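Remarks on the structure that follows.
Not measured: the values here are computed from a predicted model.
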Amino acid sequence: MRKMWLQIAGFTALPHLGGLYGGYLTRKEVDTWYPTLKKPSWRPPNKAFPVVWTCLYTGMGYGSYLVWKELGGFTDDALVPLGLYGTQLALNWAWTPIFFGAHKLKWSLVEIVLLTGTVGATMMSWYPISRTATMLLAPYLGWLCLATSLNYCIWRDNPEEKEE
């Protein structure tokens, strides 16, 4: 029983590692660079982001545990569903350094579109294994649609200077 709880905790905590790093990266930029950008009126307040991401990371992490458990661990059957999950997690973690670190609005938009598609593919691969795990990703996919729209509007309304 103790081993099971440690596994649940590990899978659930894993996504938060990238979130903590992303939070570290954005802390300064949210007060300096981000306020200089033109943003749509419908964007969520800055204080909502840590709360939302805590919930989303927890849900996706627990969902990955359910899939892992249902497939008997890191088996051949788990390669695609957990491989897609790992890919989307890496893409998720990469977005913040591109947007907030490098200030590359266009590349962050391309990246988040790839991320959103990969989350959709992850959900499709998880559905036959665990509908609960799939549904735990649904709020994440919804938030990514909002975030993609926000990223697009910021890119559109803040032309990047051309590099020569």
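- In terms of the ring pair (Phe, Tyr, Trp, His ring centres under 6.0 Å) criterion, residue partners of Tyr34 (sequence neighbours excluded) are, by chain and number, Phe100.
- In terms of the side-chain hydrogen bond (donor to acceptor under 3.5 Å, both in side chains) criterion, residue partners of Ser108 (sequence neighbours excluded) are, by chain and number, Asn151.
- Checked by atom type and distance alone, the side chain of Lys39 pairs as donor or acceptor with a backbone atom of Leu37 at under 3.5 Å.
- The side chain to side chain contact (heavy atoms under 4.5 Å, CB included) search around Asp77 returns Leu71, Thr75, not counting sequence neighbours.
- Trp42 and Cys153 get closest at one heavy-atom pair: CZ2-SG, 3.8 Å.
- Proximity of Phe99 to Trp155: side-chain heavy atoms (C-beta onward) are nowhere separated by under 4.5 Å.
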Distance-only donor-acceptor pairs under 3.5 Å for side chains of residues 78-90, two or more places apart:
unit_1	atom_1	unit_2	atom_2	d
Thr87	OG1	Gly83	O	2.8
Gln88	OE1	Tyr140	OH	2.6
Gln88	NE2	Tyr85	O	3.3

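- Arg27 meets the side-chain hydrogen bond (donor to acceptor under 3.5 Å, both in side chains) test with no other residue; sequence neighbours excluded.
- Not a single donor-acceptor pair under 3.5 Å links the side chain of Thr36 to the backbone N or O of Thr32.
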Check residues 1-11 and write down every donor-acceptor pair under 3.5 Å in which the side-chain atom is one partner and the other belongs to a residue at least two apart or another chain.
none

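- At least one donor-acceptor pair under 3.5 Å links the side chain of Trp93 to the backbone N or O of Pro15.
- Residues forming a side-chain hydrogen bond (donor to acceptor under 3.5 Å, both in side chains) with Glu29 (at least two apart in sequence, or on another chain): His103.
- Using a 30° and 60° split on the angle between ring planes, Tyr65 and Trp68 fall in the tilted class, from 30° to 60°.
- The side-chain hydrogen bond (donor to acceptor under 3.5 Å, both in side chains) search around Thr116 returns Thr148, not counting sequence neighbours.
- Side-chain contact between Lys38 and Ile154 is absent, with no heavy-atom pair separated by less than 4.5 Å.
- The two residues Gly63 and Ala133 make their nearest non-hydrogen contact at O-CB, 3.4 Å.
- A donor-acceptor contact closer than 3.5 angstrom links the side chains of Tyr127 and Arg131.
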Side chains of residues 47-58: which donor-acceptor pairs under 3.5 Å do they make with residues two or more places apart or in other chains?
unit_1	atom_1	unit_2	atom_2	d
Thr54	OG1	Pro50	O	2.7
Tyr57	OH	Asn92	OD1	2.7
Thr58	OG1	His16	NE2	2.9
Thr58	OG1	Thr54	O	2.8

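- For Leu20, there are no side chain to side chain contact (heavy atoms under 4.5 Å, CB included) partners, not counting sequence neighbours.
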Test Leu136 against Met60 for side chain to side chain contact (heavy atoms under 4.5 Å, CB included), laying out the working first. CA-CA 6 Å; Leu136 285 168; Met60 77 172 76; over 6 Å; no
